[in-house]
Amino acid sequence: MSLPRPVSDTLIELLKPVASELGERLGANAVSERYAEIEPSGSSALNQQIKKDPRWIKAQMRYLQRQQAREQELIAIADAEERVKEERANRIKAQEVRDKRAISRLCRDLMREFQSEAIRVKLSEIQTIWDRDNWFSNLSRQETEQILQQQQHRLLLLVAPAKISQDCPDSFRHNLNIELPAKLRAFLNQHYPPHGDLCPVQFYGDYFKKSISDIDVERLQTVLSPVPTAILYSDISDYEVNFHVGFWGVINQSVSLVAMQPWNWEEVYHQLEAEGKDKKLSLRIIRQIIVTIHKLLAAFLADLYYLNIDFTHEPQLFKLQAEFAQEWFSKDWAQPYIETLKEIQEQQRIVYKGEMRRLALREAKARAERQRLEEAELKRREEAEAAAKRVKELAHKLKHQKWRCVFTLPGHSSFVNSLAISPDGKILASGSWDKTIKIWNLETTELIGTLTGHSDRVNSVAISYDGKMLVSGSSDETIKFWNLHNGDLLCTFPGHSMEVNSVAINPKRLVIASCGGADNTIKLWNLRSGELLRTLKGHSDNVNAVVFSPDGKILASGSSDATSKVWDVESGKLLRTLSGLNVGVNSVAIAPDGQILASVSNDYTIKLRNLHRGSLLRILNTNSGRGKGVPNLGTNEALHILKNYVSRGESVAISGDGLTLASGCDDNTINIWNLQTGELLTSLKGHSGTVYSVAIAPSGNLLASGSADQTIKIWRCD
């Protein structure tokens, strides 16, 4: 069946602009909004939520991987025999269909999940909305709630009764509003079934009890805004038909209204009469055309919606040209709609391919990062295992080392209060309460010279890292600079009030640090000129000891105020205060790797802390059997308590390899500890007085100790 050519041409011109307008509003805009800077609303907003959902990303990656595998399989069967090729190609195609449908279902499930809160809110508001506007009394509230409570996400499509003028033929007024919902329902149930996997449409042909207008569409949106909805409605006068489309939630939540150019049905009626068709048939054909235009618009809207939310959607309209041709339609009538759908489909595919490329790139980066982390973790474990093995081997080695006293150096006439060994391990300097400093050749134990000049006891000596200069601090309140090789006094300058307790030389800069008695301060000096650079204040009692970190950036101090403090050398800023030491701190040392600070307190303990965080690592003292320990406190803190019920430590030194720590005690012994495990390795006996000072040569196998017995002992490890 076909219409006269003029009638067909008129309908094509009538229908074509609507395809273009709806396509722009529902299709092209949806694509462009994906690149918009602003966050879209409506289904585009849901699309954005879906794309960020881990379940969607995982499903997309799985689909991409399976698609690539199918492409490889198609290539692999290219040379197979035709029967085998066809069977495998059909199987691959079926797999593709199943995967696309699974993606479609997931998309709709996620959209329903993301809409659930908005739907819950709307259901709670429905009574207020119903009471506020009398128009809603024309609708079924029960059906409205059922629409909102639908568990499956789908497009809602409503058709309102046509508004028909009393001047229209009885054929229109008696039959059209019966035919329109019935035939549209049958059409949608066949091609867009509400429980289908591809493009479900929930259709209501009797939701509206009477014809509606634009304002009614806007009213309804206040209730059904969470549900993507398209509404078809029309009004018919005695000579023309006006078709209307209202929708929301397809691109955004606001209502969009599109009106088709009026169609002069009376003109078509006369043309059909001129063709020899009787009045009854002519009016039936016109009613059929009105119904079919509704079908075309419904199919187009459904396909547009699902193209917008689902890249796998294959428009059903592509398959319906023949059906429309049976209803007085020419195939050309649907062509503008099909072309619009194809154009949007192509745009969607371009967008999808871009998204897949980005997703694949992101997944590749994530996979590479996971692999990197796994490799790093494996490497870390291997290194940790290797380190643990080395620690174990070293612990065994250290435990079986034998220390013996190889020389005793007499010469001082009072307590030997401080020792320093030169960086090359050849020279030893000793400071004593006898007001002198003695310089010794460690290789021959020969006394090289005695430096005099201080008028009170020498409390501290330090050798510069180039081995050329010696600095001393004394109770005579002065700091003296000496040429280590010839013993010349280079300069003297006042240091602190009452006494200078400790001096230290920065290993990287021309800076020395000193600390004093009554003024509770630390002073930083220029090593060459003796200029005072900065005074550090913060301790509330005598500062007894100072030491620089190996990189020269940090200074640590110990005080009688029961704290150690950590300072930034460049700025003089106090970085942290290490409290909880209970009693005064006599001596401090920093391990060669710059990570561990050791402090000797008057409570018979040596506390080991992380220099940069301040966390307690270990407590060493000698109050229990040798080698006993306490389990780790945590990841960064290991507490080992080794008891000493005889004495308290007075001085501490760490070997250049960072493996051992030596402490001098007032029970006349030197304790040697494994710095990694906290195990007490041995106690060296031989002095007859408190051991006030210990120093370890850079080689790690030679130790010097100074005592109240006025001697220096040299110990060697075999």
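Since the structure is predicted, the reported quantities are computational estimates derived from the model, not experimental observations.
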Point to revise | Point-to-point distance, once rounded to the nearest 0.5 Å, from OG of S464 to CG of L510 | key: 9.5 Å
Practice item. Assess the pair F493 and W525: is the distance between their ring centroids shorter than 6.0 Å? Key: yes
Review point. Atom CG of N417 and atom OH of Y692: how far apart are they, to the nearest 0.5 Å?
Key: 7.5 Å
Review point. Applying the side-chain contact (heavy atoms from CB on, under 4.5 Å) test to L409, which of L447, T711, V416, L428 qualifies?
Key: L428
Point to revise | Atom CD of E570 with >12 non-hydrogen neighbours under 6.0 angstrom | key: no
**Study point:** Between OG on residue S705 and CG on residue L684, distance to nearest 0.5 Å
**Key:** 8.0 Å
Exercise for review: Using side chain to side chain contact (heavy atoms under 4.5 Å, CB included) as the criterion, list what pairs up with E443, not counting sequence neighbours.
Suggested key: K426, N441
Point to revise | Donor-acceptor pair between K438 and T450 side chains, under 3.5 angstrom | key: yes
Point to revise | T577 and K565: side chain donor to acceptor below 3.5 Å | key: yes
Check your understanding: Will you find, in the side chains of K537 and T521, an N or O donor that is under 3.5 Å from an N or O acceptor?
Key -> no
Revision key, fill the gap. All heavy atoms of I421 vs all of A695, minimum pair found to be CD1-O, 3.7 Å
Exercise for review: Ignoring hydrogens and angles, state whether a donor on the side chain of N459 or S475 is under 3.5 Å from an acceptor on the partner side chain.
Suggested key: yes
Review point. How far does CG of L616 sit from CG of N610, to the nearest 0.5 angstrom?
Key: 10.5 Å
Review point. Between atom CG of N542 and atom CG of N501, what is the distance when rounded to the nearest 0.5 Å?
Key: 6.0 Å
Exercise for review: Verify whether one side chain among N671 and S683 offers a donor that lies under 3.5 Å from an acceptor in the other.
Suggested key: yes
**Study point:** Nearest heavy atoms of L681 and W673, plus distance in Å
**Key:** CD1-C, 3.9 Å
Review point. Between Q371 and E375, does any side-chain donor sit less than 3.5 Å from a side-chain acceptor?
Key: yes
Review point. Just by distance, with hydrogens left out, do H687 and N668 show a side-chain donor and acceptor under 3.5 Å apart?
Key: no
Check your understanding: Roughly how far, to the nearest 0.5 Å, is the CG atom of N520 from the CG atom of L536?
Key -> 13.0 Å
Exercise for review: Step by step, work out the side-chain contact (heavy atoms from CB on, under 4.5 Å) result for R528 and M469.
Suggested key: CA-CA 10 Å; R528 298 297 186 198; M469 187 178 294; 3.7 Å; yes
Check your understanding: If we ignore angles and hydrogens, is there a donor and acceptor under 3.5 Å between the side chains of H412 and S430?
Key -> yes
